[in-house]
Amino acid sequence: MRALLLILLLFLGRPGWAAPGYAVWGTFKYAPGFMHFEYVNPDAPKGGELRMIAGSRISTFDKYNPYTLKGNAPSFLGDLLFESLLASPMDEIGVAYGLLAEDVEVPADLLSATFRIRPEARFHNGDAVRAADVKYSFETLVSQYAHPSYSTLLADVAGCDVVDERTVRFRFKKKDRQMPLVVGGIPIFSPKWGMENGKTKQFDQITTDTPIGTGAYKIGPVRFGKDVTYVRDPNYWGRNLAVRRGMNNFDRITIKIYRDSTAQLEALKAGEFDLMQFFSAGDWTRRLNGKRIDSGELVKMNFQHKLPHGYYSYVLNLRLPKFQDRRVRMALELAMDYEWMNVHLFRGSYVRVKGVFGNTDCEANGLPSPAEVALMEPFRASLPAEVFGPMALPPRTDGNNSLRGNLRKAQALLAEAGWNYRDGALRNAKGEALTVEFLDSSEARGATTTAAWKRALAQLGIEFTLREVDFALWQQRLESNNFEVLGISFPGTHFPGSDYADLFGSKAADTPGSGNYGGIKNPAIDALIAKLTAAENRDDFLAACRSLDRVIAHGHYLIPAWTSASRRIAFSDWKLERPKVVPAYPPEGVPYMDWFMTTWWARMPPKTSK
């Protein structure tokens with residue numbers, strides 16, 4: 001430990017730093033020259049196959065380009081075929097180590113980040129990775145032809161310069177401690193991807209062209225609409241790097257696609273694939289049974305972690321006038337009886353989402369600190385008075401609380417907002433009835449989870465309609481903002497930054513395909529996101545993110561749903577092995593599956609019995 005501190009002090013004491021990695025607050029777990037991450041088995045054998053299901057509800061795929069708006073790419077293609085300048089470990093937060101880059105230099109003013117590319121870094125076609133390729137990737141991602149979330153994420157990058165063949169510098173418009181991680185995390189791809197007759201296609205026209213990335217896997221056999229197999233490249237350039245040792249162990253990773261969750265579950269029980277993450281408490285507790293479970297081949301495990309809770313929530317489309325009144329949104333939230341749902345539907349498997357930063361240091365609790373008040377004070381006139389009081393908590397129906405009491409409060413709020421019951425419905429002054437259409441994909445079992453909410457809303461005179469469509473149409477309507485209410489599972493983060501401008505920023509509200517699905521426009525939120533990215537120290541950063549948590553929660557833009565403090569995984573113990581150490585911070589959301597894909601390995605030979 002003393003040696004590690006000495007090494008860190010040597011380069012942290014400079015005006016800036018040139019180092020084999022970057023840490024937001026300057027603290028690293030692994031010293032320069034480390035051999036491998038602690039959560040891998042450096043001696044894991046290579047070989048065998050991992051068979052999994054798609055990481056989202058897509059029922060097919062029609063392109064190999066995961067970085068454009070239209071169409072669907074196969075699950076995990078971006079994770080397995082493409083790499084970035086830096087690689088984030090699964091046991092640290094706000095830290096990344098060199099992957100394509102061998103070092104990164106960040107000056108004291110934080111207005112640039114300079115990366116030196118490893119001489120051995122290679123694309124799948126054998127070409128060396130050069131600074132010009134990084135510049136091309138950046139400029140492509142911020143163009144009108146890429147997914148719009150990238151232009152929002154990278155909005156504070158002033159430019160990307162080729163310093164020499166192997167050195168590239170990103171210039172930033174303002175100080176932001178997270179920007180070196182942001183630019184260090186963008187995917188790098190070859191300009192020859194999509195090239196025909198010596199000319200590269202327009203990026204959104206690169207669809208089924210074979211990707212040219214630098215990752216450990218390439219696309220193998222494909223059956224469109226059914227499955228895709230990724231094949232490990234035995235000549236992968238980075239196999240001996242410390243950030244890759246003990247990883248990418250399967251020769252083949254096959255991703256199978258099923259039309260709905262019932263088909264997935266039955267296929268798992270029949271032995272068609274070997275690992276699955278469970279999101280349904282009913283499937284996990286009652287329907288996961290059969291020969292593979294009884295024989296001990298299929299094992300059920302809850303993997304504990306220190307990940308943010310995330311915020312699975314019901315998103316209200318504020319582009320619709322009926323949801324623009326905060327009192328209406330509060331009334332809809334009061335009608336949700338989560339406590340009843342958790343007992344009768346979820347078997348106590350979940351905890352209620354409170355804010356956007358649950359289970360992180362950014363989570364707001366109790367009264368705001370003086371620093372938080374100072375950040376919100378310039379917007380006091382436009383913010384609800386409650387923002388300056390205790391942190392908002394979702395309504396409850398247990399203990400001294402009841403659904404009946406909550407509905408009385410909801411009725412009063414609706415009346416204040418001009419909605420009163422007459423002619424068989426809750427109506428405004430124009431006579432328009434208040435209705436709610438919940439958009440869900442047909443395989444998501446939304447009828448079960450929304451039934452209690454529908455009954456409660458009916459008592460208020462609000463007609464609730466569940467609109468079930470196939471996932472492709474659901475996604476299309478989401479990206480075109482053509483919905484009233486829907487459920488979205490947002491992954492949380494320990495380090496919110498410019499990415500939150502895409503989720504909650506006013507500019508993103510008018511950008512098709514952005515992450516601001518609700519169409520939220522609030523100058524206070526915009527200003528607090530700017531404060532996040534400009535924070536000079538950890539205390540300022542925490543004050544900004546906790547203030548942001550309060551403003552979003554008290555705005556009642558999202559109806560908090562539920563989350564889990566663990567990940568429920570069923571896997572074949574006869575075919576798969578895993579490292580002894582479970583990382584504290586594996587990727588969040590669907591990318592959580594990266595942990596299994598990159599660090600587990602195949603039993604060779606597989607077991608045939610206990």
Side-chain angles (χ1 to χ4, degrees), residues 16-17 19 21-26 66-67 78-79 82-89 92-101 103-107 109-117 131 133-143 146-161 168-189 243 308 362 490-505 507-508 511 514-516 526 528-536 538 541 544-545 548 585 587-589 591:
W17 69 34
Y22 178 79
V24 172
W25 305 121
Y67 307 117
D79 305 88
F82 296 95
E83 294 179 317
S84 50
L85 295 165
L86 302 177
S88 297
E92 291 181 275
I93 54 176
V95 176
Y97 298 90
L99 179 51
L100 291 173
D103 66 55
V104 53
E105 182 176 355
V106 179
D109 64 11
L110 302 175
L111 290 177
S112 68
T114 303
F115 299 86
R116 182 75 171 164
I117 299 169
D133 302 317
V134 177
K135 179 180 175 67
Y136 167 79
S137 299
F138 164 75
E139 292 181 345
T140 300
L141 290 171
V142 298
S143 74
H147 196 288
S149 61
Y150 285 102
S151 60
T152 302
L153 178 67
L154 299 166
D156 288 331
V157 182
C160 179
D161 304 320
V168 62
R169 176 175 296 124
F170 290 90
R171 291 174 284 106
F172 308 135
K173 297 176 182 177
K174 60 183 181 180
K175 288 185 178 181
D176 182 347
R177 289 183 176 275
Q178 296 190 50
M179 285 310 298
L181 291 182
V182 173
V183 296
I186 65 172
I188 306 303
F189 37 82
V243 294
C362 286
F490 297 89
T493 178
H494 289 276
F495 276 93
S498 56
D499 51 330
Y500 271 60
D502 181 62
L503 293 174
F504 297 106
K507 183 178 179 181
T511 304
S514 80
N516 189 347
D526 297 336
L528 290 170
I529 293 172
K531 291 290 186 182
L532 275 178
T533 60
E536 294 282 353
R538 190 169 184 271
F541 171 77
C545 60
L548 179 63
Y585 309 106
E588 303 159 31

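On a predicted model such as this, the values are computed, not experimentally measured, just so you know. Atom set for the values below is all heavy atoms of this structure, side chains included, hydrogens, waters and symmetry mates excluded.
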| Does the side chain of P107 come within less than 4.5 Å of S112's, by heavy atoms? | yes
| Of the non-hydrogen atoms in G98 and V243, which two are nearest, and what is the gap between them? | O-CG2, 3.6 Å
| remark: Correct closest heavy-atom pair for P187 and S137 would be O-CB, 3.6 Å
| request: Please round to the nearest 0.5 Å and tell me the distance separating atom CG of L181 and atom CD1 of I186. | output: 13.0 Å
| message | Could you work out, with ring-ring contact (aromatic ring centres under 6.0 Å, His included) as the rule, every residue matching F504, not counting sequence neighbours? | response | Y500
| field | Between CG on residue L548 and CG on residue L528, distance to nearest 0.5 Å | value | 5.5 Å
| said: Looking at K135, I'd like to know if its NZ atom is crowded, meaning that more than 12 non-hydrogen atoms belonging to other residues, nucleotides or ligands lie closer than 6.0 Å. | reply: yes
| remark: Separation between CD1 (I188) and CD (E83), nearest 0.5 Å, reads 10.5 Å
| Residues forming a side chain to side chain contact (heavy atoms under 4.5 Å, CB included) with L153, sequence neighbours excluded | V182, S498, D499
| field | Set of residues satisfying salt bridge (Lys or Arg N to Asp or Glu O under 4.0 Å) with respect to K175, sequence neighbours excluded | value | E536
| request: Would you please name every residue forming a side-chain hydrogen bond (donor to acceptor under 3.5 Å, both in side chains) with S84, sequence neighbours left out? | output: none
| request: Drop me the distance from H494's NE2 to Y585's OH, to the nearest 0.5 angstrom. | output: 5.0 Å
| request: Using salt bridge (Lys or Arg N to Asp or Glu O under 4.0 Å) as the criterion, list what pairs up with K531, not counting sequence neighbours. | output: none
| Going by heavy atoms in the side chains, are F115 and D103 under 4.5 Å from each other? | no
| Roughly how far, to the nearest 0.5 Å, is the CG atom of N516 from the CG atom of D502? | 7.5 Å
| said: How close do P496 and C362 get, counting heavy atoms only, and between which atoms? | reply: CD-SG, 3.9 Å
| request: Show your reasoning for whether side-chain contact (heavy atoms from CB on, under 4.5 Å) applies to W25 and F495. | output: CA-CA 11 Å; W25 305 121; F495 276 93; 3.3 Å; yes
| Quick one: are S149 and Y67 in side-chain contact, heavy atoms under 4.5 Å? | no
| field | Pair T533-Q178, side-chain contact (heavy atoms from CB on, under 4.5 Å): steps then yes or no | value | CA-CA 7 Å; T533 60; Q178 296 190 50; 5.9 Å; no
| request: Using side-chain hydrogen bond (donor to acceptor under 3.5 Å, both in side chains) as the criterion, list what pairs up with E92, not counting sequence neighbours. | output: Y97
| field | Separation between CG of L85 and CD1 of I117, rounded to the nearest 0.5 Å | value | 6.5 Å
| Going through the distances and angles, do R171 and D161 end up as a side-chain contact (heavy atoms from CB on, under 4.5 Å)? | CA-CA 8 Å; R171 291 174 284 106; D161 304 320; 2.5 Å; yes
| field | K174: salt bridge (Lys or Arg N to Asp or Glu O under 4.0 Å) partners, not counting sequence neighbours | value | D156
| Listed partners of S88 passing side-chain hydrogen bond (donor to acceptor under 3.5 Å, both in side chains), at least two apart | none
| request: Report the residues that fulfil side chain to side chain contact (heavy atoms under 4.5 Å, CB included) with V142, sequence neighbours left out, ordered by chain and then residue number. | output: F138, L154
| message | Going by the rule ring-ring contact (aromatic ring centres under 6.0 Å, His included), which residues pair with F172 if we only count those two or more places apart in sequence or in a different chain? | response | none
| Between F170 and M179, is a side-chain contact (heavy atoms from CB on, under 4.5 Å) present by the stated rule, with each step listed? | CA-CA 9 Å; F170 290 90; M179 285 310 298; over 6 Å; no
| task | Kindly write out the residues that satisfy ring-ring contact (aromatic ring centres under 6.0 Å, His included) with Y150, not counting sequence neighbours, or none if the list is empty. | result | none
| Any residue meeting side chain to side chain contact (heavy atoms under 4.5 Å, CB included) with D526, in chain and number order, not counting sequence neighbours | S506
| query | Closest heavy-atom contact between A96 and L86? | reply | CB-CB, 3.7 Å
